[in-house]
Number of protein chains: 2
Amino acid sequence: MKRLPSITDIARETGVSAATVSLALRDKGRMSEETRERVKASAAALGYVPNATARSLVGGRTQLISIAMPAIRQVPEVVSSVEYFFRLLGAAAARALELDYGLLVASPSESLDRVAVDGAVVVDPSHDDPTIATFDRIGRPVVTIGRRLDRIGPEAGPELLVDNDYTRATFEVLDHFNEKGARSIALLAAEPIDSFQQDSIDAYLDWCSRHELEPRVVMADSPEPSDAGVAVEGIVTRPGRPEAVYATIDTLAEALLERAAAVGAGVPRDMFIATCSDGHIARSTSPPLTTIDEKPVELAQTAVTILIDAILDPDAGSQSVQVDTELLVRASTGG
Amino acid sequence: MKRLPSITDIARETGVSAATVSLALRDKGRMSEETRERVKASAAALGYVPNATARSLVGGRTQLISIAMPAIRQVPEVVSSVEYFFRLLGAAAARALELDYGLLVASPSESLDRVAVDGAVVVDPSHDDPTIATFDRIGRPVVTIGRRLDRIGPEAGPELLVDNDYTRATFEVLDHFNEKGARSIALLAAEPIDSFQQDSIDAYLDWCSRHELEPRVVMADSPEPSDAGVAVEGIVTRPGRPEAVYATIDTLAEALLERAAAVGAGVPRDMFIATCSDGHIARSTSPPLTTIDEKPVELAQTAVTILIDAILDPDAGSQSVQVDTELLVRASTGG
DNA sequence: GAATTCTGCTAAAACGTTTGACCATTACCG
DNA sequence: CGGTAATGGTCAAACGTTTTAGCAGAATTC
């Protein structure tokens with residue numbers, strides 16, 4: 001790799017010291033306008049580009065943050081809610097760039113063996129995420145999108161959390177079903193259960209007991225349509241078919257819809273369906289699905305903003321922000 | 001940000017020099033097994049994490065590469081082919097990690113004002129990409145996924161390119177239409193025309209002239225369904241409706257399919273449709289769409305591999321790899 | 001028993017930048 | 001005209017590593 005012009009080269013060219021060059025280029029320090037201009041001109045002529053590494057070394061900061069999401073590792077296979085994750089990623093990158101940070105794509109479980117980033121965003125953290133453990137230990141901030149299930153030890157830093165209020169969102173769906181006249185409501189979820197699904201299930205059970213309805217939670221082996229077959233079949237078959245189903249994941253709702261059509265159960269005529277994570281799937285089924293829009297763009301923007309605040313002021317305390325979801329009512333629940 | 005234990009702290013602890021610590025931890029240099037173990041034990045006890053910045057400064061490499069894709073900036077809006085880009089990104093990150101590199105999400109048009117990465121992958125490069133220009137100038141390798149439209153100046157480094165053979169892919173689709181008995185075939189594309197669409201159009205025109213068929217290229221204002229209305233309408237209306245349409249983008253095909261259904265034109269009964277970029281859209285329409293699978297995972301893996309090769313051996317020459325597409329025949333062309 | 005090789009380690013330079021302390025000059029004040 | 005202030009810079013340390021050259025002593029060779 002060829003040697004790039006450095007601050008010292010400019011210094012030699014213009015006959016000033018390296019310190020002056022450094023200051024001149026960043027419009028700091030005291031010097032004559034003429035010197036400053038000469039330095040800048042020389043820098044431009046030489047095609048000088050500041051060396052971020054050297055800058056980081058003295059500054060102690062890399063201006064880099066990372067984002068870890070489970071979905072990214074499974075990408076070669078089918079990932080549910082691709083659109084959700086992609087939006088999350090895109091919005092995070094954009095916000096980071098605005099704040100003059102770079103965004104590094106990490107995978108969870110990758111327990112960084114070198115210090116390279118100033119902080120991390122972790123999406124849907126698992127309970128034993130080694131990245132989080134390491135970051136806690138070395139005192140680098142981590143903001144999670146979705147609740148942390150661990151929170152271990154006194155060494156853990158302040159809690160930085162961005163999340164949707166899934167309890168409220170679930171209530172909203174169930175109330176909507178109720179208003180539309182559904183009396184028996186089932187919930188369809190899939191392994192593995194993350195904090196989001198756990199919250200939804202809890203809220204569902206709570207809601208059912210308040211409304212004195214018999215809860216019915218059906219679990220699929222995975223969000224993939226092929227693995228959801230049995231669970232979906234069980235819901236859709238005739239005796240005991242619920243009047244409404246809230247599926248926690250869009251692929252589940254899609255599978256359910258297909259199966260319902262196959263056995264001649266009309267949606268929304270015979271059954272309502274709603275799901276979480278608005279995206280292409282929900283919009284393009286027939287009928288289109290009523291969904292909870294989780295506002296991934298806001299989630300990511302908020303997370304990055306909080307993270308960078310925490311980097312700039314390490315002594316600031318915990319921060320916990322809830323991003324409101326929005327119920328998008330579509331034809332699958334009668335418009 | 002609290003000061004982390006450094007190599008010097010370990011040196012003091014164990015009573016050896018910093019150089020020895022550095023060598024010990026990386027299993028290099030000559031020293032007694034006992035010393036090596038003592039150093040490692042001390043490092044572990046102190047919770048030492050190597051400082052990547054310092055390492056980069058002396059090594060001249062950051063172990064970081066970036067990936068730029070147009071789609072990432074448009075993410076707050078609707079992005080066509082989300083799945084394609086997400087897979088590209090995920091596969092690139094995974095491959096980079098395997099090779100001990102970090103992947104930075106960049107946006108095109110962001111003309112890096114500091115040197116932070118060792119090389120870049122640019123997806124669907126535009127003709128005036130400032131990132132590419134800068135990288136060329138400072139001698140950092142860039143591999144593009146999709147042909148470069150510029151290639152300016154003698155200073156430009158070797159060409160590093162990964163691409164699908166869209167000519168071949170387009171021929172395959174058209175031959176498939178032909179075999180199925182379609183006589184009039186239209187092509188539907190959308191502004192802005194990138195290298196991929198240009199290749200497809202050229203191939204289409206070529207194919208038509210060889211088969212002595214009248215070509216019919218229809219352009220939409222953008223890939224978004226809302227902007228494609230007029231173009232789609234023009235194709236679908238009765239007199240002169242083609243027997244088959246190849247839409248270069250999946251959202252176009254989807255819009256076309258919907259409009260066809262609306263005017264009572266059955267697919268595949270009255271018209272065949274095929275599209276590019278396999279993804280959820282193509283799989284879930286009814287009927288499902290015949291597509292060209294571009295193999296994004298392979299594209300990204302290859303790109304990252306080539307890039308890192310070029311970083312490790314800057315004097316190696318140009319590299320150009322074609323990744324084979326696969327025609328996935330589905331119901332929209334009669335199975 | 002002198003020359004050579006091996007072993008185990010260290011010193012110091014280098015990477016490119018930032019920053020705080022300092023130092024000449026020249027200008028200004030009363 | 002002596003003292004203070006402003007101007008326009010420079011010096012050197014520091015950031016945490018890697019790497020090359022070298023050195024003292026022990027072991028081996030002939």
Side-chain angles (χ1 to χ4, degrees), chain A residues 1-40 42-43 46-64 112-118 138 140, chain B residues 1-40 42-43 46-64 100 112-118 138:
Chain A
M1 223 169 260
K2 79 179 178 214
R3 205 181 142 280
L4 300 177
S6 79
I7 225 176
T8 338
D9 298 318
I10 303 178
R12 195 178 330 103
E13 272 260 315
T14 48
V16 297
S17 73
T20 303
V21 174
S22 171
L23 294 170
L25 294 177
R26 286 170 304 133
D27 284 325
K28 296 183 84 177
R30 286 184 327 223
M31 74 199 59
S32 69
E33 247 342 278
E34 192 247 320
T35 307
R36 203 182 285 282
E37 289 311 319
R38 261 201 6 261
V39 169
K40 286 185 178 180
S42 168
L46 260 50
Y48 169 75
V49 184
N51 183 316
T53 306
R55 202 174 261 182
S56 298
L57 185 57
V58 38
R61 302 215 148 86
T62 57
Q63 299 288 109
L64 252 30
L112 102 160
D113 52 345
R114 45 183 187 221
V115 175
V117 298
D118 294 339
I138 67 179
R140 295 250 185 304
Chain B
M1 221 168 263
K2 78 177 179 215
R3 206 181 141 277
L4 299 177
S6 79
I7 223 174
T8 341
D9 298 317
I10 302 178
R12 195 178 330 103
E13 271 260 317
T14 47
V16 297
S17 73
T20 303
V21 174
S22 172
L23 295 170
L25 294 177
R26 286 170 303 132
D27 285 326
K28 295 182 86 176
R30 283 186 328 223
M31 73 199 60
S32 68
E33 251 336 281
E34 192 247 321
T35 307
R36 202 181 288 280
E37 289 310 319
R38 265 205 358 267
V39 168
K40 286 185 178 177
S42 169
L46 261 51
Y48 169 76
V49 185
N51 183 316
T53 308
R55 202 173 262 183
S56 297
L57 185 57
V58 38
R61 304 214 147 87
T62 58
Q63 299 288 110
L64 253 30
D100 204 31
L112 102 161
D113 51 346
R114 47 185 184 219
V115 174
V117 298
D118 294 339
I138 67 180

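Lettering of chains follows the sequences in order, A, B, ..., and the numbering in each one begins at 1.
The closest donor-acceptor contact from the side chain of Q63(B) to the backbone of D100(B) lies under 3.5 Å. Side chain of R38(A) to main chain of T14(A): a donor-acceptor pair is present (N/O by atom type, distance under 3.5 Å, no hydrogens or angles).
Here the shortest heavy-atom pairing between A24(A) and K40(A) reads O-CE, 3.7 Å. Nearest heavy atom pair, residue A116(A) against residue T62(A), reads O-OG1, 2.8 Å.
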message: Checking R26(B) against S22(B) for the side chain to side chain donor-acceptor pair (under 3.5 Å) test, could you report, in this order, the C-alpha distance in whole Å, the side-chain angles of both residues, the deciding distance, and whether it holds?
response: CA-CA 7 Å; R26(B) 286 170 303 132; S22(B) 172; 2.9 Å; yes
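Between S22(A) and the phosphate of dT18(C), there is a side-chain N or O to OP1/OP2 separation shorter than 4.0 Å. Between R26(A) and dT19(C), a side-chain N or O to OP1/OP2 separation shorter than 4.0 Å is present.
Distance, R61(B) CZ to dT18(D) P: 15 Å, rounded to whole Å. Taking atom NZ on K28(B) and atom P on dT17(D), their separation rounds to 16 Å, with Å as the unit. Taking atom CG of D9(A) as the reference point, atom C1' of dG16(C) lies 10 Å away to the nearest angstrom. For L25(B) and dT17(D), the CG to C1' distance is 11 Å, given to the nearest whole Å. In this structure, I7(A) atom CD1 and dG16(C) atom C1' are separated by 7 Å, rounded to whole Å. Atom CD of E34(B) and atom C1' of dT7(C) are 14 Å apart (whole Å). In this structure, D27(B) atom CG and dT18(D) atom P are separated by 13 Å, rounded to whole Å. Between R55(A) atom CZ and dG16(D) atom P there is a gap of 19 Å when expressed in whole angstrom units.
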- request: Quick one, give me the B/S/- string for nucleotides 4-14 of chain D, reading 5' to 3', where B means a protein heavy atom under 4.0 Å from the base and S means that only happens at the primed atoms, P, OP1 or OP2.
  value: ---BBBBB---
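Using a 4.5 Å heavy-atom threshold, the side chains of R140(A) and L4(B) count as touching.
The side chain of N51(A) approaches dG16(C) more closely than any other nucleotide in the set dT18(C), dG16(C), dG16(D).
Applying the side-chain hydrogen bond (donor to acceptor under 3.5 Å, both in side chains) criterion to T35(A), with sequence neighbours excluded, gives S32(A).
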